[in-house]
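Let me begin by presenting the structure, written as structure tokens, before commenting on it.
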Protein chains: 2
Amino acid sequence: MAARAARGGHHGVSIEDVAEAAGVSTATVSRAVRGLPRVSETTRQRILQVAAELGYVASSAASGLATGRTRTIGVLAPYVDRWFFYKALEGVERELHQEGYNLSLFSLDSRTRERQRTFTKTMVAKHIDALLVLCMALSMEEIDELRRLDIPLVAVGGPVEGCPSVGIDDVKAAALATRHLLELGHRDIGILHGQDDDDDLNFKVPALRVDGFRAELERHGVPFRPEWEVNGNFTLASGAEAFDELWARPGPKPSALMCASDEMAMGVVLQARRHGVRVPEDLSVIGIDDHEFSSVMGLTTVGQDPVDQARSGTRMLLDELTGKTGAVRDVGAGFELILRSTTAAPAAR
Amino acid sequence: MAARAARGGHHGVSIEDVAEAAGVSTATVSRAVRGLPRVSETTRQRILQVAAELGYVASSAASGLATGRTRTIGVLAPYVDRWFFYKALEGVERELHQEGYNLSLFSLDSRTRERQRTFTKTMVAKHIDALLVLCMALSMEEIDELRRLDIPLVAVGGPVEGCPSVGIDDVKAAALATRHLLELGHRDIGILHGQDDDDDLNFKVPALRVDGFRAELERHGVPFRPEWEVNGNFTLASGAEAFDELWARPGPKPSALMCASDEMAMGVVLQARRHGVRVPEDLSVIGIDDHEFSSVMGLTTVGQDPVDQARSGTRMLLDELTGKTGAVRDVGAGFELILRSTTAAPAAR
DNA sequence: TTGAAAGCGCTAACAT
DNA sequence: ATGTTAGCGCTTTCAA
């Protein structure tokens, strides 16, 4: 056979090489390098020494094959170039490498409509011990497929049917943002929310935030105004477009806008100012997230911490893998109102 | 022994199971599922059918061990939550999954000062067939270590000593931005650049952009003014701080500022406006990158495309792995001046 | 405390 | 076109 051998064995310092050089068996080397008991301290030192000299590093394929574990966890995300996702990714990365685990990234956006296959083909391919799903629109079949993987699963940043998740309570967060506007005295409040994509996709976040918004309005006896509802896609550009759309519609304008993401909120603020609509004098704007640009922009928002959410999700996965069954469970993440300068009491009309 | 067996074999549909069910040998199954020749079409269909029914997926550990290949490539990045990096990551991801490869992410920021170990320990651990380095500050020892990996290597977004790289010509890009300011008539031009981190780290991008800036100034006979030079770290916040610092210094102010990144440029624009300094009337600002926020912000910039650069780097790696030696080489990426509304001729003084 | 040896699931000669 | 077989490099009983 000789796959590697044929390649000249140029870089193949194997456990056997170490064993030979140290004058012990491979079993002992294995115990020694993994810090297992049943090796005398002197032997261990000698082995470690030799291993270092030879530049030995265990083959993950081999140990993976022998143990059935890969020491890598997968992260499934719809995008990696959007705020919540790259922040969360950073969090997973940090938690993981600290434990010597590897991170395997799977990005499945809606473009990739041949997802079904990708799913099983590549990831199930047993190279991951656990999977962290970042707030994704998933069909029920896809969710089922994930569950069939039979590995620890956790969702971060949005609920996934039948899978423990860590994230903020979107209804409450949206309600908090809305309440701030109401308490300022606003009654003419519009909403810029994310879109519900395809309905068959199990992605609830946008709808939950709208729910929180409407509930809070109702609680204060303020009517929901459909003509002030606009659809965005969480990006800055869509926020700017939303402003244009709203202002192009006939009729009175809202005095405040609650946006489902900071990026959209910033788009609104920028576009509003460009069109001579003063923020917050003429229009109050509040977002959700606390994007790293928000403080410089002076954006009032309901902040959340994706890095932390991801770390916590990762930790649960890791714990589960190290035997602590029940480690993975639903966890509510924190969020708080951050007052800055894009909201103020409405001008007298 | 029975690692897997002990686990109950609950999810272990092995090649042997398929072979048995299909009434052929494992060798034939292997050929069939991998689409190799030397299998009759009818047999192949039958095997594929059976494999699908059983939900068979090859163990990557096993095939990796047998072939010496893992079908995953590594990406080494200092951050994942910064523009260039998450964009590039998106590019790598897209190119890779399209080919059925996996992406293993290693994020090594400066915080992680126990990098040395992480390097060899985890990544060299033979789970990657090739490595793409995203514009990182690396020490010479680290670079050497990477080279010793003896796998295809490519850098994206910045030169890495002794390693082919794809990216823009930073000197020329900075010169282009500077020239635009000069041609507008500016003579009092400041620069906001990235910092050179530790000097022992091989991270040239900031310095190259300064070089381009100074060279272009010189070419036009305009003096370089050290009092208008500020240090940033590529982020929006650092751009805002830089503006404050510059405006706090005694003496005359520049009429234009060339920023080494769009994020910093936006920070400057936002902070300037907040302090009543009009852009571009009082101050022209140009960036480098073409961040997704730049068009809405109206920021004039020299645009580059990290997604594309990353895809191209990835493709070279993949080509190299499929036998096309020499596929990995230095490639210059495109960049272009994008005129928007943060630059204008200087006001008469 | 240490070693021998049997796999883990797959691939690749080599034979048929 | 298909089967046999010997590993790939590690882990893990089990015995010493």
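A, B, ... follow the sequence lines: proteins, then strands. Residue 1 opens every chain. Keep in mind the model is a prediction, meaning the values are calculated, not measured. Atoms considered below: every heavy atom in the structure, side chains included; atoms not considered: hydrogens, waters and symmetry mates.
The separation between Arg38(B) atom CZ and dG3(D) atom P is 14 Å, rounded to whole Å. Following rounding to the nearest Å, Arg31(B) (CZ) and dA1(D) (C1') show an atom-to-atom distance of 8 Å. Computed from coordinates, the Leu36(A) CG to dT12(D) P distance equals 8 Å when rounded to whole Å. Computed from coordinates, the His127(A) NE2 to dG9(C) P distance equals 16 Å when rounded to whole Å. Between the CG atom of Leu65(A) and the P atom of dC8(C) there is a distance of 9 Å, rounded to whole Å. Rounding to whole angstrom units, CD1 of residue Ile47(B) and C1' of dG3(D) are separated by 12 Å. As rounded to whole Å, 10 Å separates atom P of dT1(C) from atom CZ of Arg44(A). Summarising the geometry, the separation between CD on Glu16(A) and P on dT11(D) is reported as 13 Å, rounded to the nearest angstrom.
Distance from the side chain of Ser40(A) is smallest for dT2(C) among the nucleotides dG9(D), dT2(C), dT11(C). For Ala27(A), taking side-chain heavy atoms from C-beta onward, the closest of the listed nucleotides dG7(C), dT12(D), dA12(C) is dT12(D). When distances are taken from the side chain of Val24(B) to each of dG7(C), dG3(D), dT2(D), the shortest belongs to dG3(D). Taking the side chain of Ser59(A) as heavy atoms from C-beta on, and the options dG9(D), dT11(C), dC10(C), the nearest nucleotide is dG9(D).
The pair Glu90(A)-Arg94(A) meets the salt-bridge criterion, since a charged nitrogen lies less than 4.0 angstrom from a carboxylate oxygen.
Phosphate proximity of dT2(C) to Thr43(A): present, with a side-chain N or O under 4.0 Å from OP1 or OP2. Contact annotation: Thr28(A) reaches the phosphate of dG3(C) (side-chain N/O to OP1 or OP2, under 4.0 Å). Between dG9(C) and Ser14(B), no contact under 4.0 Å exists linking OP1 or OP2 to a side-chain N or O. At the phosphate of dG3(C), neither OP1 nor OP2 sits under 4.0 Å from any side-chain N or O atom of Thr26(A).
Closest-nucleotide positions on DNA chain D for Gly23(B) and Ala62(A) were compared, and the one nearer the 5' end corresponds to Gly23(B). Checking Arg34(B) against Arg46(A), the closest nucleotide of DNA chain C that is more toward the 5' end is the one next to Arg46(A).
The neighbour count for Gln98(B) CD, taken as heavy atoms of other residues, nucleotides or ligands under 6.0 Å away, is above 12. The 12-atom threshold is not exceeded at CD of Glu16(A), counting heavy atoms of other residues, nucleotides or ligands nearer than 6.0 Å.
Cation-pi geometry between Arg82(B) and Phe85(B) is not met: the NZ or CZ atom fails to fall both under 6.0 Å from the ring centre and inside 45° of the normal.
With respect to Glu99(B), the salt bridge (Lys or Arg N to Asp or Glu O under 4.0 Å) criterion is satisfied by exactly one of Arg71(B), Arg315(B), Arg311(B): Arg315(B).
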